[in-house]
Amino acid sequence: LGASFDPDLARAAHELREAARRRLALWDIGPEAIARLEESGQISRTVTIRSPISGVITAKEAVHGMYADPATILYTIADLSHVWVLADVYENELSLVRAGSPVEVRLPYDPSVVRRGRVELVSPVLDPATRTARVRIEIDNSSLVLRPDMFADVLIATDAGDRTVVPKTAVIHTGERSIVFVDRGEGRLLPREIRTGL
């Protein structure tokens with residue numbers, strides 16, 4: 001018996017193969033893995049899925065045998081070469097902090113490590129329990145010294161303007177007023193009512 005060539009059957013097989021390739025590609029299976037599958041003709045029980053970004057795995061939810069659909073988070077990957085430092089600033093100091101202000105970040109366990117950055121965002125919302133607002137600072141972390149959830153000391157440079165400064169101990173608070181004494185010379189002191197600020 002002679003074999004006959006059926007063009008409709010060949011076209012259907014070609015379309016089926018292309019549909020399978022597209023489906024594998026939609027599952028983020030790379031062209032190398034698809035080519036290996038075509039060459040070997042063997043079905044693999046495992047598939048390597050590569051992350052679309054490089055970084056550090058900060059959370060792993062995947063376990064052997066677990067069911068995963070497109071909404072399932074298997075891993076959390078973060079690029080830690082640039083990090084956000086979140087600082088809490090008291091509401092009475094917020095008027096001095098602005099986006100773009102230069103910042104120094106120091107680690108409490110090693111004050112010699114100093115990272116410089118800038119204020120990116122001052123939150124418009126106060127925490128009612130602490131009376132602070134969150135300030136977001138972006139820091140270059142290419143050395144990966146700063147890690148998620150670390151504590152740090154933050155120094156925000158700001159211009160407080162021209163002010164008269166007295167030692168805190170020189171102010172007498174009477175309950176209704178704040179008073180300082182001006183030295184008039186020859187043992188004479190003149191009381192002055194003041195309004196305290198920073």
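Position 1 is the first residue of the sequence; numbering continues from there.
The backbone N or O of Leu189 lies less than 3.5 Å from no partner atom in the side chain of Asp183, so there is not a single donor-acceptor pair. Within the 3.5 Å criterion, the main-chain N or O of Gly100 finds a donor-acceptor partner in the side chain of Arg118. Asn141 places no side-chain N or O within donor-acceptor distance of the main-chain N or O of His82, the cut-off being under 3.5 Å.
Minimum interatomic distance between Ala152 and Val105 (heavy atoms only, all atoms of both residues): CB-CG1, 3.6 Å. The two residues Ser81 and Leu144 come nearest to each other via the heavy atoms N-CD2, 4.2 Å. Across Ile77 and Ile53, no two heavy atoms sit closer than the pair O-CD1, 3.9 Å.
Note on Arg136 versus Glu120: no salt bridge recorded, every NZ/NE/NH1/NH2 to OD/OE distance being 4.0 Å or above. The residues Glu39 and Arg36 are annotated as not salt-bridged, no charged nitrogen and carboxylate oxygen being separated by less than 4.0 angstrom. A salt bridge links Glu104 with Arg106: the closest approach of a Lys/Arg side-chain nitrogen to an acidic carboxylate oxygen falls below 4.0 angstrom. In summary, Arg134 and Asp88 engage in a salt bridge, as defined by a charged side-chain N under 4.0 Å from a carboxylate O.
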Show, in sequence, the C-alpha distance, side-chain angles and deciding distance for Val103 and Val119, and conclude whether the side-chain contact (heavy atoms from CB on, under 4.5 Å) test is met.
CA-CA 7 Å; Val103 177; Val119 172; 3.6 Å; yes
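Ile34 places none of its side-chain heavy atoms less than 4.5 Å from the side chain of Glu32. Taking 4.5 Å as the limit, some side-chain heavy atom of Thr72 sits within range of a side-chain heavy atom of Met66. Side-chain contact between Ile57 and Thr76: absent, with no pair of heavy atoms (C-beta onward) separated by less than 4.5 Å.
For the side-chain contact (heavy atoms from CB on, under 4.5 Å) with Val89, the qualifying choice from Leu96, Thr132, Leu94, Val122 is Leu94, the only one to do so.
To the nearest 0.5 Å, atom CG of residue Leu37 and atom CZ of residue Arg21 are 10.0 Å apart.
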